[in-house]
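Single-structure report; data block below.
Quick caveat: nothing in here was measured; it's all calculated off a predicted structure. Numbered from 1 within each chain, the chains take letters A, B, ... in sequence-line order.
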Number of protein chains: 2
Amino acid sequence: MNNTFRSRIKAPILLNSAEAEIIRALRRQGCITSTDLSRMTGWSKAKTAQDIRDLVEKGFLMEAGEGISQGGRKPRLLCINRNLGFVVGVDIGATSVDVALADISGSVLQRYSEPADVRQRPEPFLGRCVEIILHLMELQGCRADQILGIGIGVPGPVDFARGVLVAPPLMPDWENFSIRGFVKESFPNAFVVVDNDVNIMALGEQRAGDGINVDHFIFVKIGTGIGAGIVSNGKIHRGSTGCAGDIGHICVDKNGPICRCGNTGCLEAMAAGPAIAEKAMQAALNGSSLLLKNLMNQNGGVLRPEDVNTACREGDQAALEIIRASGQMIGDVLAGLVNFFNPSHIFIGGGIANFGNHLLVSIRRAVLRRSLPLATTHLSINFSRMGPDAGVTGAVALALEYLFVIEDQPTTTI
Amino acid sequence: MNNTFRSRIKAPILLNSAEAEIIRALRRQGCITSTDLSRMTGWSKAKTAQDIRDLVEKGFLMEAGEGISQGGRKPRLLCINRNLGFVVGVDIGATSVDVALADISGSVLQRYSEPADVRQRPEPFLGRCVEIILHLMELQGCRADQILGIGIGVPGPVDFARGVLVAPPLMPDWENFSIRGFVKESFPNAFVVVDNDVNIMALGEQRAGDGINVDHFIFVKIGTGIGAGIVSNGKIHRGSTGCAGDIGHICVDKNGPICRCGNTGCLEAMAAGPAIAEKAMQAALNGSSLLLKNLMNQNGGVLRPEDVNTACREGDQAALEIIRASGQMIGDVLAGLVNFFNPSHIFIGGGIANFGNHLLVSIRRAVLRRSLPLATTHLSINFSRMGPDAGVTGAVALALEYLFVIEDQPTTTI
DNA sequence: AAAACATTGTCTATAAAATAGACGAAGTTC
DNA sequence: GAACTTCGTCTATTTTATAGACAATGTTTT
């Protein structure tokens, strides 16, 4: 059965709207009975049964034993055929790479992370990613031809249609390199989608986090850089050239320091991880914080953003002030975006997201002070609770979203 | 025929997707033949003919004579039944009101504008609007029960779902007043939709201006205030509480003047019409511009924004500098929004849109300097060419969009 | 002007898709 | 064990769409 099916897979997989509705229901509920599906959709029992038979025939669905009786005959349960194939999510960060192997319903089966340096050339980096994927596949016992989709998030501006990085500051050697082409060589059956890392985090938050059923939200990643993933009307907003959400280079202070983008006083240059570390080192050197000075000496003369967090937790005033200043600058920018975009939620993630409440409180305060009341009364600003999982989860969701395509979408507006 | 139909109208009018596609094609093309429609949609001739018969039967479509032969039998043309009913668009500005009466296809039949003061209470103001509508109806020979939809744009934050203004700075007496309820009393058959004035201008630009087929754009209105209408993925983005686009209160200079919203240094307080006039009066008084001083004396001691424009056209350096400074501040804010939203077009409208190129050039320069290259390479920033028509056209489009509702929209995403 | 060809739109037979509801199988409740 | 429920299949029927024949009505060529 799987053998005959395998050769028929052509990605993306086209579904009509009835099939899509069934699969969507199964994604949400895990298991479902034919009768419940009929009731949910409003279709007749015959049509529902026929559609299910077709999907089982095609290999998407399988029976999953018997359900519990509702006072009559026991129903037969249906679930997504987990042997149909697998999808992979890859979250490439500036200093690490996260990979997840998931089944066709989006459940993560295997997961792996390791440090990595994105500044190297794409071939060895992606080669290592392929190795990791192959390793996870071995653990799961899955063949290369069973990999149907791969979603990849990269930390830079992505021309989404082409799946190519455009002028990426962190990884200049990747410019115009076809990530899709490289990965396809190892997984010819797979449908490869490349997107910005923040977009996939937003997608992860929407599918498996607190962003579920939220129409309009912003996911802000604060780490080495600062970026935002935008969801409008329940869909990722990528903008006309696919680089929407690049808020790291919004101007905070015209007289501020020079950013790697060439401008002055960008948010990223003043409030992201490196800026925090830099300010902390100044505080250590000019004697305003003994604790930071000691940490710096322990670290061999440098401070990382995490060290500032450590100092902050121990009540160091200088460190606290640095974090507060960052939060305020980020909040000032977000205030403008709240006025413009009017989201109901802002999720904050990235390496700095576990910096505790000092950062969050100052962000909230700045936003509330500078945004319109109507925009803030129902606004929630919180850390993403998905932690480092948002990225890979979103990458898996991205792969699935573009693996299954609904055909014959009718016009939605007059 | 029309008599039996009239009583059957229940707004909103539900259409299935086939009917919607036919009506949409007719909106675009004006007239169409059955065969062309069959070719466009891919439906068989029989189904197309049947659907057309149904729509004619229901009163939406009517025959419009014969078309020209393509080398064979002459086709019969179809068009939208203009006797079906009418829609009204009302664009309420701070100092004026524009009303248009249009047929069901969106073509404007009658149009009227007059000065008005929105600071008065809603009852007399809207009462006058109703009078104008009745007057236009009389000119067109249309009865009150033939008005099927009314779209209204108001200059303030609208809770779109309720159709009510929330904390409107320009018109405090309108807070929580049910505009829909008031208008419905005079036009009980009409479906009334209320939206922010900038959203309807964006809608007008999208339906009848240069925004047609543009997926992501921002319409910026600069007048007494500054606001933006946002289109994402081809749809108006209203945000979670319907107040998206309120960019007038984004902070430009923390040490700037106090805005009517209570904060300091808002874009609106520093760059909109009143600020321009205020700066010009200072320039007139402190002697930096003789021309402005003369204009001020002619006007009885005050200057309006238009006077600055006049001075600018005559080459007055002080006036030019004021305009340039406004353009730069607006451009600085837009630069951030371009990074965030990545639109392909920015349309600039409102009372200041006819201020010529000095404003536009300085806006463009500021945006290009501070936005990412990938976001600006294909970005067009231009004045809206619709002038004062954008508002009413959009209000008509709004009425039509919510008058005709497509039923049974299938799921668009897995 | 007649013949040849094109296009339009209706009509019919047919195929495809969905429905309602009958009915037996498989349970639970009393 | 009798009465009642629920589940899922099956059949007859209705609804919806299609293909293609064909007459009506044109233009173009000879």
Is the shortest side-chain N to carboxylate O distance from A/R76 to A/E66 below 4.0 Å? no
Checking B/R180 now: which residues fulfil salt bridge (Lys or Arg N to Asp or Glu O under 4.0 Å) with it, not counting sequence neighbours? none
What range of DNA chain C does chain A touch, first nucleotide to last, counting atoms under 4.0 Å from its heavy atoms? C/dA18 to C/dT28
Identify, between B/G71 and B/T48, the residue whose nearest nucleotide on DNA chain D lies closer to the 5' end. B/T48
DNA chain D: 5'-most and 3'-most nucleotides touching chain A, 4.0 angstrom heavy-atom criterion: D/dT5 to D/dC10
B/R39 meets the side-chain hydrogen bond (donor to acceptor under 3.5 Å, both in side chains) criterion, sequence neighbours left out, with B/D36
So, A/F404 versus A/F191, ring centres under 6.0 angstrom or not? no
Pairing residues for A/E19 by the salt bridge (Lys or Arg N to Asp or Glu O under 4.0 Å) criterion, not counting sequence neighbours: A/K58
Stems where DNA chain C pairs, listed by first number, each of three or more Watson-Crick or G-U pairs under 3.5 Å: C:1-30 with D:1-30
Set of side-chain hydrogen bond (donor to acceptor under 3.5 Å, both in side chains) partners for B/E205, sequence neighbours left out: B/S384
Results of salt bridge (Lys or Arg N to Asp or Glu O under 4.0 Å) for B/D389 - residues two or more places apart only: B/R111
Partner set under ring pair (Phe, Tyr, Trp, His ring centres under 6.0 Å) for A/F86, not counting sequence neighbours: none
In terms of the nearest nucleotide of DNA chain C, which residue is placed more toward the 5' end: B/L77 or A/W43? B/L77
Between B/H216 and B/H345, is the gap from one ring center to the other below 6.0 Å? no
Should we count CD of A/E138 as having more than 12 external heavy atoms under 6.0 Å? no
Of B/D36 and B/A46, whose closest DNA chain C nucleotide lies nearer the 5' terminus? B/D36
Residue pair B/E66/B/K47 against DNA chain D: nearer the 5' end by closest nucleotide is B/K47
With sequence neighbours left out, write down each residue that passes ring pair (Phe, Tyr, Trp, His ring centres under 6.0 Å) with B/F187, or none if nothing qualifies. none
State which residues pass salt bridge (Lys or Arg N to Asp or Glu O under 4.0 Å) with A/K184; sequence neighbours excluded, sorted by chain then number. none
What is the nucleic acid contact for A/S69, judged by heavy atoms within less than 4.0 Å: base, sugar-phosphate only, or nothing? sugar-phosphate
Residues within residues 20-35 of chain A bordering DNA chain D, heavy-atom distance below 4.0 Å: A/S34, A/T35
Under 6.0 Å from the NZ atom of B/K235, do we count more than 12 heavy atoms belonging to anything else shown? no
